[in-house]
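See structure below.
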Protein chains: 2
Amino acid sequence: MKLDEAKNKYIQTWGSLATSWGINKTMAQVHALLLVSIKPLSAEGIMETLKISRGNVNMNVRALIDWGIVSKEFVVGERKEFFVADKDIWELFKQITKERKKREIEPVLKVLEDLQKVDDNTEDGMQFKKVLTDLSSVTNTVNNILDNAIKADEHWLLSNFTKIIKK
Amino acid sequence: MKLDEAKNKYIQTWGSLATSWGINKTMAQVHALLLVSIKPLSAEGIMETLKISRGNVNMNVRALIDWGIVSKEFVVGERKEFFVADKDIWELFKQITKERKKREIEPVLKVLEDLQKVDDNTEDGMQFKKVLTDLSSVTNTVNNILDNAIKADEHWLLSNFTKIIKK
DNA sequence: CTAAACTTTCAATAATTATTGAAATAAAAA
DNA sequence: TTTTTATTTCAATAATTATTGAAAGTTTAG
């Protein structure tokens, strides 16, 4: 396989996988493109490579910047903005985890807490509260594990995790 | 807050949260309904409560059964099928993790492995391979952690995890 | 200041994904 | 067997989500 072909396949595949994670295709493709690009790219560069509109590039690049996985870079003698993706993949994972935790976990905890206020002492009510408590408990566990992963160092995390599990 | 109101809010909220996780709204609502229902529900029961069509109920109940988080139940003297959700939330979490791992992680590993075949020893090619290796490494780490979580017991997992992190 | 270069916004439209409902299929009762 | 009851399928349609492209807004250079 040729390099360009491989890079292209990576960009395309990333885009299609992303849709099954609730992440927009173009956002994933733009990130993939920047990740495998040797030099910073301008909006034009992205438009031409991915064959998408200016507006689309702008929106998705902003989203990537908001997620903290892409940043602006200035190129001497150029007026326009250029963009780069952070090449540290562990950092990337931590940022994505942080964002998904915010989108997927935190709202759940909020709702569950609110629902606990239900005032009903029938058997049915008790059973419902049990479900809520169990949901909170599991969600909190996951939340704590993610919090720790966000703080951890990759190799340290994996080796310790494996060690503890194998005990 | 009244019990019915709370249950309803739970069902609605779960549906809308699910869409931000790449899970279809109705599927999440049907699951939520079954989870807080004291008795098994038939397709009719689900249709009436959620005000959705028979076809929609059928498709989403099948999907929940495929995910292993809902099962059929027979009610004496009734010809139609009834459905229940497993009330063990930790089991639920493990099943969901297993499914999401299959959808979100495993295809990534496959693609990355395939792309490693790229034949290019320029500096650019090497940098690309480095990115692929790093992506594989992180993805494998996550995959292993999830595998272990799927096997683990809730309290044991959390307490050990917290312990190791605090060290 | 004005003009040119570049970025952002957002209404219109396209593409994707979910839902309906009725017809086809299947299973149980009469 | 035939009839009744229940389930599944899937083309048509609705709802949602993403994308375009042109106009408005911003910034920098002259």
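So that the names make sense, note that chain A is the first sequence line, chain B the second, and so on, each numbered from 1.
You'll find that the side chain of B:Asn24 is closest to C:dA18, out of C:dT7, C:dT20, C:dA18. You'll find that the side chain of B:Ser53 is closest to C:dT19, out of C:dC10, C:dT8, C:dT19. Checking C:dT7, C:dT19, C:dT9 against every side-chain atom of A:Arg54, the shortest atom distance belongs to C:dT7.
Here D:dA14 presents its P atom at 21 Å from NZ of B:Lys51, a figure rounded to the nearest Å. In this structure, CG of B:Asn56 is placed 16 Å from P of D:dT7, rounded to the nearest angstrom. Atom pair A:Ile46:CD1 and C:dT7:P shows a separation of 10 Å (rounding to whole Å applied). Rounded to a whole Å, the CZ atom of A:Arg62 is 9 Å from the P atom of C:dT9. A:Asn60 places its CG atom 15 Å from the C1' atom of C:dT7, with the value rounded to the nearest Å. What separates CE of A:Met59 from C1' of D:dT20 is a distance of 10 Å, to the nearest Å. Straight-line distance from the CD1 atom of A:Ile65 to the P atom of C:dT7: 11 Å, rounded to whole Å. One atom, CD of B:Glu44, and another, C1' of D:dT8, lie 14 Å apart when rounded to the nearest Å.
Residues B:Val75 and B:Leu33 fall into different hydrophobic clusters, defined by Ile, Leu, Val, Met, Phe, Trp and Tyr side chains chained together at heavy-atom separations under 4.5 Å.
For A:Lys98, the NZ atom counts as loosely surrounded, since its 6.0 Å shell holds 12 or fewer non-hydrogen atoms of other residues, nucleotides or ligands.
Close to D:dT8, at under 4.0 Å from its OP1 or OP2, lies a side-chain N or O of B:Asn58.
Residue contacts shown for A:Thr26 are limited to sugar-phosphate atoms, with no base heavy atom under 4.0 Å away.
Screening residues 122-143 of chain B for ring-ring contact (aromatic ring centres under 6.0 Å, His included), with sequence neighbours left out, gives no hits.
Residues satisfying the salt bridge (Lys or Arg N to Asp or Glu O under 4.0 Å) test with A:Glu48, not counting sequence neighbours, are none. Every residue was checked against the salt bridge (Lys or Arg N to Asp or Glu O under 4.0 Å) condition with B:Lys129, not counting sequence neighbours, and none meets it. For B:Glu99, the salt bridge (Lys or Arg N to Asp or Glu O under 4.0 Å) criterion is met by B:Lys102, not counting sequence neighbours.
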Donor-acceptor pairs are to be reported for all side-chain atoms of residues 57-71 of chain B against protein atoms at under 3.5 Å, with residues two or more places apart or in another chain.
unit_1  : atom_1 : unit_2  : atom_2 : d
B:Asn60 : ND2    : B:Asn56 : O      : 3.0
B:Asn60 : ND2    : B:Asn56 : OD1    : 2.7
B:Arg62 : NH2    : B:Glu81 : OE1    : 3.2

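Toward the 5′ end of DNA chain C lies the nearest nucleotide of A:Lys25, the other residue of the pair A:Lys25 and B:Met27 mapping further downstream.
For the segment residues 71-83 of chain B, the set of residues with a heavy atom within less than 4.0 Å of an atom of DNA chain D comprises B:Arg79, B:Lys80, B:Glu81, in numerical order.
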